[in-house]
Chemist: 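My structure is below; once you've seen it, I'll send some questions.
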Amino acid sequence: MKLYYATGACSLSPHIVLNELGLPYELVRVELSTHLTADGRDYTAINPKGYVPALELDDGQLLTEGPAIVQYLADQKPSAGLLPPAGTLERARVQEWLTFIGTELHKNFSPLFNPNASAEGKAAALSNIERRFGFVEKALAGRDYLTGANFCVADAYLFTVVNWTKFVKIDLAPWPTLAAFHQRVMARPAVQTALREEGLI
């Protein structure tokens with residue numbers, strides 16, 4: 001499989017999952033400002049949406065959207081335990097977290113990375129992030145990961161988004177449980193590998 005990624009972007013989540021699962025993959029870096037791949041191809045010709053991640057399967061099909069990709073990957077190796085079986089409430093809980101992270105956290109970071117966003121827009125986004133972090137802080141109380149003692153695909157996504165705080169200068173001190181979660185996930189060997197491969201450490 002081939003993962004199209006941008007350094008430190010939300011594509012880090014499936015990158016981590018690929019490493020957690022021990023699945024073989026090839027990385028293709030995308031420069032989002034130019035929509036060119038590292039080897040000079042037009043990324044929009046590969047993925048018309050123009051953003052990452054995108055996963056090219058062995059048969060040439062393209063799968064996009066991070067939450068869909070990580071669930072697909074986890075289902076390729078269910079014995080790894082990164083995603084509960086389909087049809088269970090536990091599976092729905094992971095999907096619930098993936099949706100929350102994507103719509104309530106991920107999207108609120110967008111204005112903070114946009115140089116054209118207004119000061120008011122950035123302040124509103126930051127306020128939203130702070131409220132959402134408060135919710136996650138309470139949800140993580142007494143547990144190592146979002147759904148309990150075991151790491152799942154939603155944890156990879158949450159780690160990726162929380163990792164952006166250092167780029168937009170959000171101090172995690174008000175959310176010590178979330179900060180501890182971030183450090184706990186960062187210490188995982190699969191996460192370290194992904195961070196090294198993207199030049200983030």
Side-chain angles (χ1 to χ4, degrees), residues 1-84 86 91 94-95 97-103 105-107 109-110 113 145-146 150-167 182 184-201:
M1 291 181 284
K2 190 179 293 184
L3 178 67
Y4 291 89
Y5 79 102
T7 301
C10 56
S11 46
L12 177 60
S13 172
H15 189 180
I16 289 169
V17 170
L18 281 162
N19 279 303
E20 289 281 351
L21 296 169
L23 295 173
Y25 61 89
E26 176 186 344
L27 289 174
V28 180
R29 188 172 55 80
V30 178
E31 180 52 62
L32 295 178
S33 61
T34 61
H35 291 101
L36 293 175
T37 63
D39 56 4
R41 289 177 294 153
D42 177 6
Y43 180 60
T44 59
I46 299 163
N47 176 13
K49 292 177 178 176
Y51 53 78
V52 295
L55 184 72
E56 186 177 315
L57 306 181
D58 292 340
D59 64 2
Q61 291 191 72
L62 195 73
L63 183 62
T64 62
E65 305 300 334
I69 292 171
V70 296
Q71 290 179 82
Y72 171 81
L73 290 172
D75 280 335
Q76 304 312 298
K77 196 172 179 181
S79 61
L82 295 189
L83 189 62
R91 172 83 162 227
V94 174
Q95 293 168 329
W97 275 115
L98 288 170
T99 303
F100 175 83
I101 296 162
T103 60
L105 281 175
H106 182 166
K107 277 302 174 186
F109 270 88
S110 297
F113 286 108
Y145 300 109
L146 287 171
N150 298 320
F151 182 87
C152 73
V153 294
D155 295 302
Y157 194 10
L158 179 60
F159 169 82
T160 296
V161 173
V162 172
N163 205 49
W164 296 338
T165 58
K166 60 187 174 186
F167 301 112
H182 180 258
R184 186 179 306 116
V185 175
M186 183 179 282
R188 295 177 69 85
V191 177
Q192 289 285 301
T193 297
L195 292 172
R196 277 195 302 273
E197 289 181 336
E198 296 196 17
L200 293 168
I201 57 172

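Since this is a predicted model, take the numbers as computed values, not measurements.
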Chemist: Please enumerate all residues that pass side-chain contact (heavy atoms from CB on, under 4.5 Å) together with S79, with sequence neighbours excluded.
Modeler: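 Residues passing side-chain contact (heavy atoms from CB on, under 4.5 Å) with S79: K77.
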Chemist: Out of curiosity, L18 CG to I69 CD1, how far, rounded to the nearest 0.5 Å?
Modeler: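 The distance works out to 9.0 Å.
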Chemist: Within the distance-only criterion (no hydrogens, no angle test), does the side chain of W164 pair as donor or acceptor with the backbone N or O of G8 below 3.5 angstrom?
Modeler: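 Side chain of W164 to backbone of G8: a pair is present.
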Chemist: About how many Å separate CD1 of I16 and CG of L21, when rounded to the nearest 0.5 Å?
Modeler: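 Going from the CG atom of L21 to the CD1 atom of I16 covers 12.0 Å.
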Chemist: Check the pair L105, V162 against side-chain contact (heavy atoms from CB on, under 4.5 Å), reporting the backbone distance first and the verdict last.
Modeler: CA-CA 9 Å; L105 281 175; V162 172; 5.8 Å; no
Chemist: Under a 4.5 Å cut-off applied to non-hydrogen side-chain atoms, are L83 and R91 in contact?
Modeler: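 The answer is yes, as the side chains (C-beta and beyond) meet within the 4.5 Å cut-off.
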Chemist: Hey, what do you get for CG (N163) to NE2 (H182), rounding to the nearest 0.5 Å?
Modeler: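 Result: 3.5 Å between the selected atoms.
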Chemist: Taking only residues two or more places apart in sequence or in another chain, which ones pass side-chain contact (heavy atoms from CB on, under 4.5 Å) with T103?
Modeler: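 T99.
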Chemist: Does the gap between the ring centers of W97 and F100 come in under 6.0 Å?
Modeler: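 Ring centres of F100 and W97 closer than 6.0 Å.
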Chemist: Can you measure from NZ (K166) to CG (L200) and round to the nearest 0.5 angstrom?
Modeler: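 Interatomic distance, K166 NZ to L200 CG, rounded to 0.5 Å: 6.5 Å.
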Chemist: Just verifying a value: how many Å separate Q76 CD and L82 CG, rounded to the nearest 0.5 Å?
Modeler: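 Between Q76 CD and L82 CG, I get 12.0 Å after rounding to 0.5 Å.
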Chemist: At their closest point, which heavy atom of C152 faces which heavy atom of V94, and how far apart are they?
Modeler: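 Looks like SG-CG2, 4.1 Å.
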Chemist: Quick one: does Y157's side chain get under 4.5 Å of V153's, heavy atoms only?
Modeler: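 A side-chain contact under 4.5 Å is absent here.
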Chemist: Which residue pairs satisfy the side-chain hydrogen bond (donor to acceptor under 3.5 Å, both in side chains) criterion with at least one member in residues 11-23, sequence neighbours excluded?
Modeler: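 Pairs touching residues 11-23 that pass the test: H15-Y25, H15-E197, H15-E198, N19-Y25, E20-R188.
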Chemist: Would you indicate whether the side-chain heavy atoms of E56 and V28 approach each other to under 4.5 Å?
Modeler: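 The answer is no; the side chains never approach within 4.5 Å.
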Chemist: Is there side-chain contact between P14 and L55, with heavy atoms separated by less than 4.5 Å?
Modeler: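 Result no, sub-4.5 Å side-chain heavy-atom pair not found.
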Chemist: Report the residues that fulfil salt bridge (Lys or Arg N to Asp or Glu O under 4.0 Å) with D39, sequence neighbours left out, ordered by chain and then residue number.
Modeler: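 Checked D39 against salt bridge (Lys or Arg N to Asp or Glu O under 4.0 Å); matches are R41.
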Chemist: Among residues at least two apart in sequence or on other chains, which ones pass side-chain contact (heavy atoms from CB on, under 4.5 Å) with N150?
Modeler: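 Per chain and number, N150 pairs via side-chain contact (heavy atoms from CB on, under 4.5 Å) with no residue.
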Chemist: I'd like to check I101 versus L146 (side-chain heavy atoms, cut-off strictly below 4.5 Å). Are they in contact?
Modeler: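 In short, these two side chains touch, coming nearer than 4.5 Å.
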Chemist: Please check if the side chain of Y5 supplies one atom and the backbone of P53 the other of a donor-acceptor pair under 3.5 Å.
Modeler: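 Not at all, since once roles are kept as given, no pair shorter than 3.5 Å links the two residues.
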Chemist: Checking side chain to side chain contact (heavy atoms under 4.5 Å, CB included) against Y4, which of T37, N47, L27 comes through?
Modeler: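 It is T37; the other options fail the test.
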Chemist: Return the CG to CG distance between L63 and L57, rounded to the nearest 0.5 Å.
Modeler: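 Rounded to the nearest 0.5 Å, the CG-CG separation comes to 6.0 Å.
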Chemist: Which residues pass the side chain to side chain donor-acceptor pair (under 3.5 Å) test with Q61, not counting sequence neighbours?
Modeler: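 Result, side chain to side chain donor-acceptor pair (under 3.5 Å) vs Q61: D59.
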Chemist: Considering all heavy atoms of both residues, which atom of I46 and which atom of P48 are nearest to each other, and what is their separation?
Modeler: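 It is O-CD, 3.8 Å.
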Chemist: Below 4.5 Å, heavy atoms only, C-beta onward: do M1 and L73 meet side chain to side chain?
Modeler: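 In short, these two side chains touch, coming nearer than 4.5 Å.
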Chemist: Which atom pair, heavy atoms only, marks the closest approach of G40 to L36?
Modeler: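 Taking every non-hydrogen atom into account, O-CD2, 3.9 Å.
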Chemist: Do the side chains of Y43 and T34 get nearer than 4.5 Å, heavy atoms only?
Modeler: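 Contact flag for T34/Y43 side chains = no.
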Chemist: Could you check whether R184 pairs with D155 (Lys NZ or Arg NE/NH1/NH2 to Asp/Glu carboxylate O, under 4.0 Å)?
Modeler: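 Answer for the salt bridge query: no.
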Chemist: How far apart are the closest heavy atoms of T160 and C10, and which atoms are they?
Modeler: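 Shortest heavy-atom contact: CG2-CA, 3.8 Å.
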Chemist: Can you confirm whether more than 12 heavy atoms, excluding those of K107, are under 6.0 Å from its NZ atom?
Modeler: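 Incorrect, the count does not exceed 12.
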Chemist: Taking the side chain as every heavy atom from C-beta outward, state whether V185 and Y145 have any atom pair closer than 4.5 Å.
Modeler: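 Yes, at least one pair of side-chain atoms sits under 4.5 Å.
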Chemist: Would you check if the side chain of Q192 reaches a backbone N or O of M186 as a donor-acceptor pair within less than 3.5 Å?
Modeler: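 Indeed, once roles are kept as given, a pair shorter than 3.5 Å links the two residues.
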